[in-house]
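Below is one structure; the comments refer to it alone.
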There are 2 protein chains.
Amino acid sequence: MGANSKLTIAIHALVWAALNERQGSTYSTSEEIANSIKTNPVVVRRMMSDLTKAGLIESRRGAGWRLSVPAEKMTLWDINLALGPEETFALHRNEPSATCPVARGIRPALRSTFARVDEVVRQELARTTLADVFDETLSPSQN
Amino acid sequence: MGANSKLTIAIHALVWAALNERQGSTYSTSEEIANSIKTNPVVVRRMMSDLTKAGLIESRRGAGWRLSVPAEKMTLWDINLALGPEETFALHRNEPSATCPVARGIRPALRSTFARVDEVVRQELARTTLADVFDETLSPSQN
DNA sequence: ACCTTAAGTAACATTTAATGTTACTCTTTC
DNA sequence: GAAAGAGTAACATTAAATGTTACTTAAGGT
């Protein structure tokens, strides 16, 4: 499958939960969230389970989840890290030739190059909080 | 399939061609390159075709390809752009709910967030040249 | 205690993008 | 005009993401 939309789903779920809490509910359920995202509740539960393990939210069986970190303190990198971040670019799927000097040297060279890319992605995600996305999502220009 | 290794394949091919040219050959063929990468020649031709269209290399039927931009002037972003860059993070695969305010507002919010991420990736790739990767690939520590 | 609700999770199905492969046509060089 | 190798269409294969069903487990309310 193509690109990674896990982060999109997670942020959507968290913004939904944040709004739900702001409107007076304590817990949000996988069914409510799946409804907004238009996906299956199990997909939501699976993903929320990762966020729970990372301590970003807390679950209560029979009730749902609530944020355990304030939206202002939760960065998009925290969320992405909880989901198990993927590298922006992948190395070769198969080991390249063992006899060719280019093939032998290219992997370490690209590893360090791609690590720098991943680092700037990390920095950019760490700069944005869930509250930032929340505000932009619900800004008047969207209604 | 998982992550995007097209850029890896392209850089590998270009470093191979650069070395080949430095060693006196004018043209490099899809079979030679595929041999080093351990993939099918058609995969190489397909990808090289994109690089040709972008003007980074030039092809001659019956002979192969050669660089048309010096390795010092060709950035990894030029290469990635030629391949048709993918976005680092994808939005929802399916349209989310039309009635939920979160679902309606989240896409524009994420679009701008993810655009900033793509921009820092672009900047980082533009900072590294094919010559940089060439040198690191063939550096003594790799032999 | 019992019932209801909803999370947690295993197992399997489906979808889709990337990659691999075959086979053929088209240019260029010799 | 023969050989080499790019260009490309068409199809096969692989593998990851996502969707779905069905069941188990924990918590709260009656």
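Residue numbering restarts at 1 for every chain, and letters A, B, ... go by the order of the sequence lines.
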Less than 4.0 Å between a side-chain N and a carboxylate O, is that true for B:Arg127 and B:Glu124?
yes
Nearest whole Å is fine: how far is C:dT19 P from A:Leu91 CG?
13 Å
Using the ring of each side chain (for Trp, its six-membered ring), is B:His12 parallel, tilted or perpendicular to A:His92, with breaks at 30° and 60°?
perpendicular
Nucleotide D:dT21, atom P - distance to CD of A:Glu31 in whole Å
13 Å
Minimum-distance nucleotide (side-chain atoms of B:Asn40 versus D:dG28, C:dT21, D:dT20)
C:dT21
With hydrophobic residues grouped by side-chain heavy-atom distances under 4.5 Å, do B:Leu91 and B:Val121 end up in a single group?
yes
Should A:Arg60 and A:Thr26 be marked as a side-chain hydrogen bond (donor to acceptor under 3.5 Å, both in side chains) after you check the CA-CA gap, both sets of side-chain angles, and the distance that decides it?
CA-CA 11 Å; A:Arg60 186 172 269 183; A:Thr26 307; over 6 Å; no
Can you say whether a donor on the side chain of A:Arg61 sits under 3.5 Å from an acceptor on the base of C:dT5, or the other way round?
no
Can you figure out which of D:dT18, D:dA27, D:dA22 approaches the side chain of A:Val42 most closely?
D:dA22
Taking only side-chain nitrogens and oxygens of B:Ser30, does any of them come within less than 4.0 Å of OP1 or OP2 of D:dA6?
yes
Expressed as a whole number of angstroms, how long is the span from B:His92:NE2 to D:dT18:P?
11 Å
Using atom CD of A:Glu86 as one end and atom C1' of D:dT18 as the other, report the distance to the nearest whole Å.
13 Å
Between A:Ser59 and C:dG8, is there a side-chain N or O to OP1/OP2 distance below 4.0 Å?
yes
Write down the distance between CD (A:Glu58) and C1' (D:dA26), rounded to a whole number of angstrom.
15 Å
Starting at CG of A:Asn4 and ending at P of C:dT16, how long is that distance when rounded to a whole Å?
17 Å
Give the nucleotide from the list D:dA9, C:dG20, D:dA22 with an atom nearest to the side chain of B:Val43.
C:dG20
Considering residues, nucleotides and ligands other than A:Glu58, do more than 12 of their heavy atoms fall under 6.0 Å from its CD?
yes
Would you say B:Arg46 reaches D:dT8's phosphate, i.e. side-chain N/O to OP1/OP2 under 4.0 Å?
no
A:Met47 CE to C:dA7 P, in whole Å, measures 12 Å
How would you label the contact of B:Arg45 with the nucleic acid (heavy atoms, under 4.0 Å): base, sugar-phosphate, or nothing?
base
Closest to the A:Lys53 side chain, choosing from C:dG20, D:dT18, C:dT9:
C:dT9
Touch class at under 4.0 angstrom, heavy-atom based, for A:Asn94 against every strand present
sugar-phosphate
Nearest to side-chain heavy atoms of A:Thr39, which nucleotide of D:dG7, D:dG19, C:dG20
D:dG19
Is the number of heavy atoms from other residues, nucleotides or ligands within 6.0 Å of CZ (B:Arg22) greater than 12?
no
Which is more 5' along DNA chain D, the nucleotide nearest B:Ser49 or the one nearest A:Pro41? Just name the residue.
B:Ser49
Looking only at the side chain of A:Thr29 (C-beta and beyond, no hydrogens), which of the listed nucleotides D:dG7, C:dA10, C:dA6 gets closest?
C:dA6
Distance check needed: D:dG7 C1' versus B:Asp50 CG, whole Å only.
12 Å
